[in-house]
Amino acid sequence: MKKEILIAQVILDHYHAKLDHLFDYLIPEYMQTLIQPGMRVTVPFGRNNRLTEAFVMTIKYRQKVDQPLKELAHISDDAYAMTATQIELVQWMKKSYLCRYIEGIRCFVPNNRTGKKRVLWVHCQLESDELAEQQMKMKRAPMQQKILEVLHDIRHAPLASLLKMTGASNGAVKALAAKGLITISEEIVRRNPFKDLLTTPYPEPILTDYQERAMLLIRGHWEKKPDTPVLLHGITGSGKTEIYLQLIKSTLEQQRDSILLVPEIALTPQMVQRFRGRFGDQVAVLHSHLSEGEKLDEWGRIHRGEAKIVIGPRSAIFAPCQNLGIIIIDEEHEHTYKSEQAPRYHATEIARQRCRLEKAQLLLGSATPSLESYHEAEHQKLLLVELKERAAGGCLPQVEVVDLRREAREGNRTLFSRSLIAALEHCLGKKHQAILLLNRRAFATLVMCPRCGYVAKCSQCDISMKWHRKEQVLKCHYCGQKESVPENCPECGELVSFQGAGTQKVEEGLQSLFPHHVVARMDQDVTRQKGSHQAILERFEAKKIDLLVGTQMIAKGLDFPNVTVVGILLADTSLNLPDFRAAEKTFQLMTQVAGRAGRGTQEGKVILQTFQPDHYAVHLSAIQDYHRFYHEEIQIRQRFLYPPFSRLIQVTFWSESEEAVAKAAYHSAAAIRFLLEKSGYGEHLEEVMEPGPALIAKIENRYRYTLLMKSVQIPYHIMRKTVKYLLMEGRDRYISPMVTVTIDPDPRFVG
DNA sequence: AGCACGCCGACT
DNA sequence: GTCGGCGTGCTC
C-alpha cells in the first residue's frame, strides 16, 4: 500500500487580497503526531523561502501531489491554537462578511509579539541561624554585607525593590549570587488591569417577584429548548443585571464559562466592579484599551480556564473560552455591537454562531429591544421574558414634554425652558442631582449667516464646521481641520451669528443660571484622556457635582439614586437624520436617558424639550410605551420593506476623483443588475437602488458614493455572492484602481 | 506583503 | 558600457 501524504492547508499572516487563500505545505514526518488544525506555524514562502507566520486551517491526506510542495518549517511553541469551532467561525465570517481569512483569524488570536512580564526575585540562602551568624561576621564588601543583612530578615524580595532599599547596584547582587549565598529566580507576573479598580463585596440581594419569575421562565425554557435564545425585555432599573449575575452563577456551578458583552468600554468598569465583587478573580476583562501585555495575560487566563467569566465590549465575543455555557448581551439594541471595520461583524450574530457550535445559551437584554429582535420574539424565534417593574420599588419617572416652538413664541429662545429651570431649581433645593442630555453631534455650534443662510463648512469633508469657543477656531469633526472664524459672511457680507448650542455652551449657560452649584460636562472633548470618564462619574457619585451635562455617553448604564431630574434639551436632533432607524434610535435614547431619573426611592422627573412634540417616537417615549412604539414602527418597516422585512448590503466607493467614484458606483450597479438578471432575478432588479453621493459626500478630500441593495425577493446569499464576484474577479472590469470599495453587510447606518 | 525580474535614463 | 529607478507579477 502506498503511503499517504499529509498536507497542511494554511493561511499566511499577511494582509493582502492576493494571499487570501489556502496554501498547501507538506508536513514533515516528525511533526505528524504533533500538528493540529488551528496551530500557528512558520512556513518558507516565496522565491526566497522567507520564513512567514501562518495558521493551519485543515489537514488533508493525499496519495500523490501534482506539484512539488514545500515543507512546514516549524510549529510555534505558544499555546494559542485556534479551536475547531474557531476555525469554523473564521470560515463562516469570511462568507458572511465578505472579509479575508486573516481578518477573521486575527479576531481570535492574540498578538503574540508581546512577551510575558517577568520579575526577578532574590532569595536568601543562609538557612540555619548558626551558619548565618558565622557568615554575617565574615569580612565582606560593604554593599554585599548590607544586602545580606536586609535579605536575612525578609528572606526574599523582588530584585528591583531590594536595590532600592539598599542602594546597591546590580553587580553586588550578581557577585553574591555567584558565591551561592543568594539565588535569583524569575517569576512571570500577570499584568493586572484591575489594579485601579476598587472592589467591594457585592452580595446577592433578594430577588423581586418579577425577577424570580423571570429566572424560572428562563431556566424552564432552556431545559426544554436549550438552543432558542432569550430576549429579556426589562424596563430601565428593573434589575436585569441581577438576572445576569444569577445566570452566570449557575453557569459557574456547572463549571462552564460565561461571556457578558456591554455596549462600550466606558461601561465595563462598573459592570466589572459588580461582577468581581461577587465572583472575585474569576472575572476577566478584554477590550482594546488594555495594553498589549494586559490583553495577552487576560487572554491566557481565560484560555487556561482560570478566569471563567469574561466581560467586555463587542470584541470580547471572541474570548478564548474552552467550555462556553452562556453568552449575555446587555443593551442588545446598541449599534456599537456592529463593527465598523472589516470584518464588519455584529457581535449578536457571532454570539448566535458560537452558541450553536458550542452548545451554549444566549440571552439578549434590553429596555428597548431592537425592532429586529422583538420581531423575532413575536415569531417565536426568541423567548420573550419581561421585567415590568423597577427592582428598587420606585416607579418610572414622570415625563413632561415641552414644546420649544411655543416656548419661542412666548419669548424664550434659550435652550432652557421655564419648566426645565423650575424643575432644576426644585431638584437642587432638595440637594438632589440632575443630568442634562444634548446630542451635540447633530446640533452643535455652527457659524451661520442670518441673512443668506450661509453655513461654514469644511472644504474637505462637506460637513458644517463646529465653533470651539476656547480655542476661537472652527473645527471639522471628521478630519480635524481648523479654520479661523469669519466675522462677515463670505457670501453676502452680513455679520455672522453663532447658531445652536454645544455641550460647552450649555455648561456655561447652566453655570450662570446656577452660580452656586457645581456644573460638569462629559463629552468626547472632556473624556479623551484615559480614566477621565471614570473620574467624572466618581465625582458625580460622591455628590461633588450637582448638574452633569453630556452627550449620549451619559445616557447609558448610569445608576445614581440621587438623580431626580433629567433634562433632554433637544429630542429632535437624532429624529431628523436621514436614516430609516432615526425614529428607533430616538426612542431608545429618550427612554434610556429618562431611565436615569428616580432610580432611588425619590420620584424622578424628566423634561423632554422638542420642536416635534407630536412625533410618535417622542410622545411614546414620553409615556414609555415600548409596545406601541414597536407596533407603529414595525408597520413603517413593513411598508417600506426595511429590516426586519429585508436585509441590506451597502457598498461604499471612495476616491480622490469624484468622476472616478461616480463612474465606479454606476458601473457597479449596472454590473450587479446584469449579473442578477443572468442568475434569473430579472424581475426584482429594483432591489438594487440607484447609487448616489453618500450622506457625507466627502471626507478628508475623498469623495464617497454609496450603493444600497435591499434583499427581499432576491436571496441574501445571492446578493452577497454577486457583490463579491464584482469586487474580486470582476473588479478590474468595472472599477478604476483609484477607487477603494468597502462592503457593509447589514449596515447600521444607511446613507 | 515582500521580493525578484525587467526594461529605460544618467552616470563612473 | 553599467547602476538603479520602481512597474509587474508571483508566491503552495
Side-chain angles (χ1 to χ4, degrees), chain A residues 2-78 80-82 84 86-88 90-91 93-95 97-114 292 339 341-344 654-657 660 664 702 724-743:
Chain A
K2 225 171 152 190
K3 214 171 147 198
E4 285 201 318
I5 303 162
L6 268 176
I7 294 166
Q9 299 193 285
V10 307
I11 293 297
L12 298 166
D13 192 10
H14 270 154
Y15 185 83
H16 191 89
K18 292 250 167 78
L19 302 178
D20 184 34
H21 61 88
L22 295 165
F23 284 85
D24 290 0
Y25 282 88
L26 291 175
I27 303 172
E29 194 88 33
Y30 78 96
M31 265 189 209
Q32 297 191 351
T33 50
L34 305 168
I35 196 105
Q36 292 287 328
M39 279 181 168
R40 205 197 292 249
V41 292
T42 323
V43 297
F45 185 67
R47 282 177 216 268
N48 224 16
N49 285 332
R50 188 168 32 87
L51 289 180
T52 306
E53 288 247 295
F55 299 91
V56 179
M57 297 299 276
T58 53
I59 290 171
K60 63 177 186 183
Y61 301 85
R62 283 296 122 92
Q63 297 296 331
K64 62 177 179 70
V65 282
D66 336 324
Q67 38 164 239
L69 297 179
K70 293 180 185 175
E71 285 192 344
L72 294 182
H74 38 90
I75 301 177
S76 302
D77 57 358
D78 57 39
Y80 304 138
M82 283 188 287
Q86 287 176 335
I87 294 173
E88 200 170 325
V90 168
Q91 264 142 1
M93 284 168 77
K94 179 175 169 62
K95 187 179 76 191
Y97 303 123
L98 306 174
C99 66
R100 295 175 191 166
Y101 280 113
I102 198 63
E103 289 169 329
I105 292 172
R106 283 178 186 169
C107 291
F108 287 102
V109 176
N111 179 354
N112 198 37
R113 277 167 271 279
T114 329
E292 281 304 318
S339 167
Q341 282 137 40
R344 294 176 168 258
W654 304 70
S655 174
E656 308 249 309
S657 149
R702 298 208 299 167
K724 195 188 155 199
Y725 170 80
L726 172 84
L727 295 174
M728 304 297 286
E729 293 93 330
R731 182 175 163 136
D732 301 344
R733 215 172 316 155
Y734 307 106
I735 302 165
S736 141
M738 296 168 67
V739 180
T740 334
V741 189
T742 55
I743 312 167

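Within every chain, numbering begins at 1; the chains are lettered A, B, ... in the order of the sequence lines, protein sequences first and strands thereafter. Values in this document were obtained by computation on a predicted structure and should not be read as measured data.
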- Task: Can you tell me the distance, in whole Å, between the CE atom of Met57(A) and the P atom of dC12(C)?
- Result: 19 Å
- Message: When you measure from the side-chain N and O atoms of Tyr25(A) to the phosphate of dC12(C), is any distance below 4.0 Å, counting only OP1 and OP2?
- Response: yes
- Item | Rounded interatomic separation in angstrom, taking CG from Asp13(A) and P from dA1(B) | 13 Å
- Query: Any idea which of dC12(C), dT11(C), dA4(B) is nearest the Asp24(A) side chain?
  - Reply: dC12(C)
- Length of the CG-P vector between Asp20(A) and dT11(C), whole Å: 16 Å
- Query: Within a reach of under 6.0 Å around OH of Tyr30(A), are more than 12 heavy atoms found that belong to other residues, nucleotides or ligands?
  - Reply: yes
- Does His14(A) have a side-chain nitrogen or oxygen under 4.0 Å from the phosphate oxygens OP1 or OP2 of dA1(B)? no
- Task: Check the distance between dC3(B)'s P and Leu19(A)'s CG and give it to me in whole angstrom.
- Result: 13 Å
- Go through dA4(B), dC3(B), dT11(C) for me and flag the one nearest to the Phe23(A) side chain. dT11(C)
- Item | Length of the line joining Arg62(A):CZ and dC12(C):C1', which is rounded to integer Å | 14 Å
- Could you check how far CG of Asn49(A) sits from C1' of dC12(C), rounded to whole Å? 11 Å
- Starting at CG of Asp66(A) and ending at P of dC12(C), how long is that distance when rounded to a whole Å? 15 Å
- Is the backbone of Val43(A) close enough, under 3.5 Å, to the side chain of Arg50(A) for a donor and an acceptor to pair up by distance? no
- Message: For dC10(C) and Arg47(A) - does any side-chain N or O of the residue sit under 4.0 Å from the phosphate oxygens OP1/OP2?
- Response: no
- Task: Could you tell me whether Arg100(A) sits above the aromatic face of Tyr15(A), with NZ or CZ closer than 6.0 angstrom to the six-membered ring centre and within 45 degrees of the axis?
- Result: yes
- Task: Using a heavy-atom cut-off of under 4.0 Å over every strand shown, decide if Leu69(A) touches base, sugar-phosphate, or nothing.
- Result: sugar-phosphate
- Task: Give Phe45(A) one of three labels, base, sugar-phosphate or nothing, depending on what nucleic acid heavy atoms sit under 4.0 Å from its own.
- Result: base
- Item | Lys70(A) atom NZ, over 12 foreign heavy atoms within 6.0 Å | yes
- Message: Please determine whether a side-chain nitrogen or oxygen atom of Asn48(A) lies at a distance below 4.0 Å from atom OP1 or OP2 of dG2(B).
- Response: no
- Answer yes or no: is there a donor N or O on one side and an acceptor on the other, between the side chain of Asp20(A) and the main chain of Tyr101(A), under 3.5 Å? yes
- Task: Measure the distance from NE2 on His16(A) to P on dG9(C) and round it to the nearest whole Å.
- Result: 13 Å
